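Computed from a predicted model, the values in this text were never measured in an experiment. Order of the sequence lines fixes the chain letters, A, B, ..., with proteins taken first and strands second; residue numbering starts at 1 for each chain.
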Amino acid sequence: MSLISGGMEAGLHDCFDYILPLGTVIPCVAGAFQEHQVWFWTPEEADTINATDRCFTCWSQHKATMPVQLLKIIKGKYEPPLPSHLQREDLKHLHAGLDHTNKYFQGVVILSYPLTKLGDGTDFFKIVLQDNSCARIDSINILIYGKMADDCAKVIRNGDTCIVAGFKLAKSPTAREDGRHGCHLEVSEEAGSAIYIYAQPSTTTASETASASVAPKYVYTPLDHLKDGTIVNLYGIVKFFKPPYVSKGTDYCSVVTLVDQSNVKLTCTLFNGNLDSLPKIYKIGDIVRFHRIKIREYNGQMQGITSAGFASLTFDGTVGAPVVPRTSTKLSGVRPMLFFDLTCQLVGKAQVDGSSFLLKVWDGTKCPYPTWRVPIEARDLEGEKVLLHRLRNLTVDILVYDNHVQLAKSLKIGSFLRIYSIHTKQASAENEDVSHVEFHLHGGTCYGRGIGVLPESHPDVKELKTFLESVELADSQSMDSMSSLELDSTSNNIADLESQRCQQLSVTVLTDHQDLSNTVLKTIRNSRAPQQYRIRAKLRTFKPQKLYQSIKLHCSKCNSLQEVPDGDTFDLILQGSAVTPPNPELHSTSWYESVMWTTQDQKQRKITIHFVKHDEMLLYPEDTLLMIEGGTSKEIWKLTRRFKCVIPVRSTKNDLELLDLSAPFLLQGKVKYYGCKQCSTPKPIKNLSSLAAEPRPSWEPTEIAQVLGIEPLQYVFIMKFTLVDGTGALNAYLFDYEKFFQIPASEILSNNFLQQKMQMTMNTLCPPGRKLDDLPWLECFIKSYNITDGKKQQVYYQIFDTTVAEDVV
DNA sequence: GGTTAGGATTGG
């Protein structure tokens with residue numbers, strides 16, 4: 001494999017490690033281009049874990065780096081190079097509230113303080129770094145904690161250049177006195193920080209010798225090499241965990257079972273009085289690094305237990321596929337008599353009795369079953385009254401018991417929680433006709449039962465927040481519009497008001513033609529086409545009921561509609577095209593650079609990737625377009641996560657060409673772009689070079705399609721609405737790219753949230769199980785048109801210039 | 001420094 005550039009190679013490594021055979025040696029950017037052997041999970045080893053691809057030497061997907069490293073600068077380049085995901089940040093861009101996750105700060109050490117110990121015994125080392133900005137404020141304090149402080153104190157000398165990554169930015173309490181930057185940077189091994197030191201040339205020899213001897217060389221022991229009574233460093237995938245809970249002693253306890261490439265399990269019992277010192281594991285499949293864990297034999301098996309100086313780091317282990325089948329994380333998917341994990345927000349809490357405590361939570365979805373309400377006095381319920389009332393139909397009561405009560409009490413209203421192994425129990429009270437579903441978090445910690453607080457920065461929380469905000473907004477707007485009704489109403493019953501609103505307000509609105517008056521359906525049916533009408537009607541039923549079937553591909557040139565090809569079709573075409581061997585004469589031309597290798601499994605596939613060059617540079621994978629020959633759809637999807645565009649191609653004698661147009665001609669993000677077979681006239685692939693020659697190619701799918709002679713197909717929602725009013729019924733078609741549902745049809749197939757949003761919208765437009773009288777009104781604009789089928793002429797109707805009301809979306 | 005727990009659902 002030739003080395004193209006850091007970013008590209010890292011991308012390839014991430015995307016293809018699983019197709020390289022065990023033991024292959026490849027250059028790996030996270031290991032600073034040291035040559036690493038690749039090891040994998042095989043499905044047999046994985047047990048409940050669906051992680052099949054991981055480099056066990058460097059764990060590069062997680063960009064784990066040695067906490068303190070010594071760098072050299074050779075011919076103006078760092079050696080070893082910095083991890084490619086890091087970008088330099090100037091002093092003037094260091095502000096609280098900005099995301100500095102993948103940023104580093106570089107400066108020269110102008111001052112260092114003696115190594116000291118904090119009150120709790122933690123080592124502490126402070127240095128001052130100066131940048132070369134010549135600005136009024138050109139220096140910043142760096143506070144280094146724990147083992148890293150000790151390591152740095154031994155190595156760092158004034159005049160050294162220091163690179164700090166993975167830092168936390170905090171307000172500097174001494175800024176007024178020392179005149180330095182208003183913030184300081186905090187770093188520690190526990191926070192996953194890294195410090196790279198480039199010793200000043202004049203002192204290189206001395207400093208390098210010193211550094212080399214103290215720079216921590218962590219050795220990670222495979223789990224099949226553990227010996228009783230030793231203290232070791234470990235890496236592993238989390239196979240089981242109990243979120244930290246209060247032990248019967250003085251500490252929090254967390255039990256974590258790991259597995260690694262040796263296929264040996266290790267259960268670790270971790271104690272610490274400080275919750276933050278225990279690993280922040282949120283799901284099975286996460287990856288942890290433990291430093292200084294003690295190994296003991298217990299019941300004939302090795303066991304890990306915290307020892308002095310224990311430190312841990314957790315990496316998100318998301319590979320793509322869902323990990324554990326037993327979990328469901330949304331209330332809308334709850335089924336009775338099961339255990340599930342729930343990611344949610346805390347809205348209210350209350351003490352019920354000595355051994356049980358109530359949590360009122362929501363996740364924006366609605367539980368499909370009637371749920372129980374734990375009877376408590378309103379004054380005992382802590383939480384925002386208005387919100388509790390507003391969300392009353394979306395919150396559920398979870399009763400937690402015994403050992404979980406203490407933790408539950410300490411939870412802050414509004415915080416985001418993951419509650420593990422909630423028991424759903426179906427029950428019915430004497431005075432109830434239908435049974436309800438109860439949610440219990442029983443006492444004890446078996447099966448990982450417990451409560452975890454997710455940080456605001458957790459990707460699942462970010463996603464949930466966005467979703468909750470949209471639901472809450474819709475809800476508050478409907479409350480606003482109700483309150484105006486309330487003024488005119490003599491009734492104080494909220495349910496009455498809701499049903500009144502249902503009767504009066506429309507769940508859809510017109511985006512134009514508001515001046516037009518309504519026409520009843522009977523009149524429309526008795527009129528000639530083509531014409532346009534404003535109507536007010538109810539949605540009695542619609543097709544397809546399975547909403548994903550409403551997505552089709554439309555060619556705006558020939559007006560044809562077709563089904564979206566399924567994944568199998570793509571795989572078959574890829575397999576077919578993989579039969580054509582790559583043509584080496586087409587490799588690495590003036591406008592693309594090619595890499596080829598052979599998989600060493602039985603299939604011996606040849607995979608070729610052609611990176612389209614831009615400006616003679618190949619620095620940013622996320623902006624790069626590549627073409628691939630011989631890959632599988634799984635590999636192609638992996639590439640789309642890291643690179644801007646992927647075009648599947650095959651070799652001919654003289655040029656590369658697109659595959660059959662039943663396969664996507666382009667993949668971008670999670671979207672497959674297809675071309676129309678009738679209307680496309682594929683042009684030579686080298687036409688792409690004209691786009692690449694632009695200063696900043698945007699790689700817009702439409703532009704790519706145009707230069708390749710492809711007539712692009714567009715994703716559309718096609719539905720049949722059966723509308724009724726007092727005078728009659730009428731079938732109208734909905735043909736919508738985005739406007740009606742305010743959801744892009746192109747994105748819905750790959751986005752669960754959008755699918756849920758669409759389902760909720762349809763449930764509002766046409767609530768299942770309601771009588772006609774109770775259905776909401778829709779305000780629509782429709783046009784009639786004639787279709788001649790042979791001799792027969794028929795009138796059709798289509799909805800347009802209509803959108804779902806804001807408080808419904 | 002000692003202890004805690006040492007994975008293995010269903011009760012209120």
Can you check whether A:Phe339 stacks with the B:dT10 base, using ring centres under 5.5 Å and planes within 30°?
no
A:Asp228 has an atom CG; how far is it from atom P of B:dG6, in whole Å?
19 Å
For a quick check, tell me whether the side chain of A:Asp353 and the base of B:dG12 share a donor-acceptor pair closer than 3.5 Å.
no
Nearest-angstrom distance from the residue atom NZ of A:Lys294 to C1' of B:dA5:
15 Å
Please pick, from B:dT9, B:dG6, B:dA8, the nucleotide with the shortest atom-to-atom distance to any side-chain atom of A:Lys265.
B:dA8
Does one side chain, of A:Arg418 or A:Thr343, offer a donor that lies under 3.5 Å from an acceptor on the other?
yes
Tell me whether A:Asp228 is salt-bridged to A:Arg296, with the criterion being a basic N under 4.0 Å from an acidic carboxylate O.
no
Quick check on DNA chain B: between A:Thr269 and A:Ala308, whose nearest nucleotide comes earlier from the 5' end?
A:Ala308
Can you measure A:Phe240 atom CZ to B:dT9 atom C1' for me and round it to whole angstrom units?
11 Å
Are B:dG6 and A:Tyr298 stacked, with the base six-membered ring and the side-chain ring centres under 5.5 Å apart and planes under 30°?
yes
Can you label the angle between the A:Tyr420 ring and the A:Phe241 ring as parallel, tilted or perpendicular, going by 30° and 60°?
perpendicular
Indicate whether OP1 or OP2 belonging to B:dG6 is found under 4.0 Å from a side-chain N or O atom of A:Lys242.
yes
A:Asp151/A:Lys147 under side-chain contact (heavy atoms from CB on, under 4.5 Å): CA gap, chis, key distance, verdict:
CA-CA 6 Å; A:Asp151 292 337; A:Lys147 185 143 194 330; 3.5 Å; yes
Using a 4.0 Å heavy-atom cut-off, does A:Tyr245 contact any base of the nucleic acid, only the sugar-phosphate backbone, or nothing at all?
sugar-phosphate
From CZ of A:Arg449 across to P of B:dG7 the rounded distance in Å is 16 Å
Below 30° counts as parallel, above 60° as perpendicular, anything between as tilted: where do the rings of A:Tyr235 and A:Tyr220 land?
tilted
Where the side chain of A:Ser247 is defined as all heavy atoms beyond and including C-beta, which of B:dT9, B:dA5, B:dG12 is the nearest nucleotide?
B:dA5
Considering every strand and a 4.0 Å limit on heavy-atom distances, what is the contact class for A:Gly444: base, sugar-phosphate, or nothing?
nothing
Can you confirm whether A:Lys412 is buried at NZ, in the sense that more than 12 heavy atoms of other residues, nucleotides or ligands lie under 6.0 Å from that atom?
no
Nucleotide B:dA5, atom P - distance to CZ of A:Phe241 in whole Å
19 Å
Nearest to the side chain of A:Ser355, heavy atoms from C-beta on, is which of B:dT9, B:dG6, B:dG12?
B:dG12
So is the aromatic ring of A:Phe271 stacked onto the base of B:dA5, judging by whether the centres are under 5.5 Å apart and the planes are under 30° apart?
no
Rounded to whole Å, the NZ-C1' distance (A:Lys425 to B:dT9) equals 14 Å
Between atom CG in A:Asn299 and atom C1' in B:dG7, what is the gap in whole Å?
13 Å
A:Thr267 (side chain) and B:dG6 (base): donor-acceptor pair under 3.5 Å
no
Identify whether any heavy atom of A:Thr257 sits under 4.0 Å from a base atom; if not, whether one sits that close to sugar-phosphate; answer base, sugar-phosphate or nothing.
base
Mind calculating the distance between NE2 (A:His423) and C1' (B:dT10) to the nearest angstrom?
4 Å
